[in-house]
Student: 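Mind having a look at this structure? Questions to follow.
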Amino acid sequence: MKIFLDTADIDEIRTAARWGILDGVTTNPTLYAKVGGTSYDAILQEICKITPGPVSAEVVAEDVDGMLEEGRHFAKLAPNIVVKVPMSEEGLEAMSRFADEGIKTNCTLIFTANQGLLAAKAGASLLSPFVGRLDDINQDGMIVIRELVDIVTIHELDTEVLAASIRTPFHMTQAALAGSHVATVPFKVLQQMVHHPLTDKGIVQFKKDWEGARAAAAAKA
Ligand code: E4P
């Protein structure tokens, strides 16, 4: 499963890239608002310099022409930009037009397998079902991941399922077990995936024992 970072924070992206586990990045207007400070374009270009993987840039227009204008603009910023388009009647048309133009799209705000199926048919290269937001309303978000992965596999659709709205390390394990092609994860969850109390305790103990052994050896010498 590919791992994307779900953030517009450059420091977080640099850190994950250094860890050697970063396959791409997803951004959205909310994540951009959290970092702010400079233009969305400038942030996207900076991210695209850090990772050669797909970097999702989200349109905010609700009409087809507006989506096309914003998406074409993003696509010119860097070769690895993927235009993120919301699931809607207009979004489907825009994704279909982008596909004709060779511009890759990530269909966002997917909450049902049917929505994902339609986005795949319209030519989206990434399908983003929102797991956490479904869990928030007492529905099992992982069901949509499992269903979409099955649909993509059974019908050999040329697209990938991207588990989005990930809130916990458990979501990541479940998405991987469901066969999700990609999961996009907040940096905090990525850090939670790294750590385990027994691992952290073990590192401290090994260091202590090593220093003890060296001190004993030095005392004997
Ligand atoms: C990423 O593509 C999505 O926009 C993001 O995962 C949404 O996450 P949230 O539901 O935590 O805002």
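For the single chain, residues carry numbers from 1 onward in sequence order. Every number for a ligand or one of its atoms is a count from 1 in the order of the listing.
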Student: What I want to know is whether Arg133 and ligand 1 share at least one N or O pair that is separated by under 3.5 angstrom.
Tutor: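 N/O-N/O distance below 3.5 Å exists for this pair.
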Student: Are the side chains of Leu31 and Glu58 in contact, using a 4.5 Å heavy-atom criterion?
Tutor: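 Not in contact.
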Student: Just need the protein heavy atom nearest to atom 8 (O) of ligand 1, so name the residue and atom and give the distance.
Tutor: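 The protein heavy atom lying closest is Ser165 CA, 3.4 Å.
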Student: Using a 6.0 Å cut-off, check whether atom CD of Glu101 has over 12 heavy atoms from anything other than its own residue.
Tutor: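 More than 12 within 6.0 Å, yes.
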Student: Give the atoms of ligand 1, by number and element, whose distance to some non-hydrogen atom of Asn28 is under 4.0 Å.
Tutor: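 Those qualifying, in numeric order: 3 (C), 4 (O), 5 (C).
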Student: Identify the closest protein heavy atom to atom 3 (C) of ligand 1: which residue and atom is it, and at what distance?
Tutor: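 Of every protein heavy atom, Phe130 CZ, 3.5 Å lies nearest to atom 3 (C) of ligand 1.
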Student: Leu126 versus Val182: any side-chain heavy-atom pair under 4.5 Å?
Tutor: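 Side chain of Leu126 against side chain of Val182, heavy atoms only: contact under 4.5 Å found.
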Student: Could you tell me, atom by atom, which parts of ligand 1 come under 4.0 Å of a heavy atom of Lys84?
Tutor: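 With Lys84 as reference, the close atoms of ligand 1 come out as 1 (C), 2 (O), 3 (C), 4 (O).
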Student: Considering only the protein, which heavy-atom contact is closest to atom 5 (C) of ligand 1, and what is its distance?
Tutor: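 Here the nearest protein heavy atom works out to Asp6 OD2, 3.1 Å.
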Student: What residue among Thr108, Asn106, Thr184 forms side chain to side chain donor-acceptor pair (under 3.5 Å) with Ser128?
Tutor: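 Going through Thr108, Asn106, Thr184 one by one, the side chain to side chain donor-acceptor pair (under 3.5 Å) with Ser128 is satisfied by Asn106 alone.
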Student: Is there a nitrogen or oxygen of Glu58 sitting under 3.5 Å from a nitrogen or oxygen of ligand 1?
Tutor: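 Among all N and O atoms of Glu58, none is under 3.5 Å from an N or O of ligand 1.
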Student: Do the charged groups of Arg14 and Glu46 touch, with an N to O distance under 4.0 Å?
Tutor: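 Answer for the salt bridge query: yes.
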Student: Should the ring pair Tyr40 and Tyr32 be called parallel, tilted or perpendicular, given that the plane angle runs from 0 to 90° and is split at 30 and 60?
Tutor: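 Rings of Tyr40 and Tyr32: tilted, 30 to 60°.
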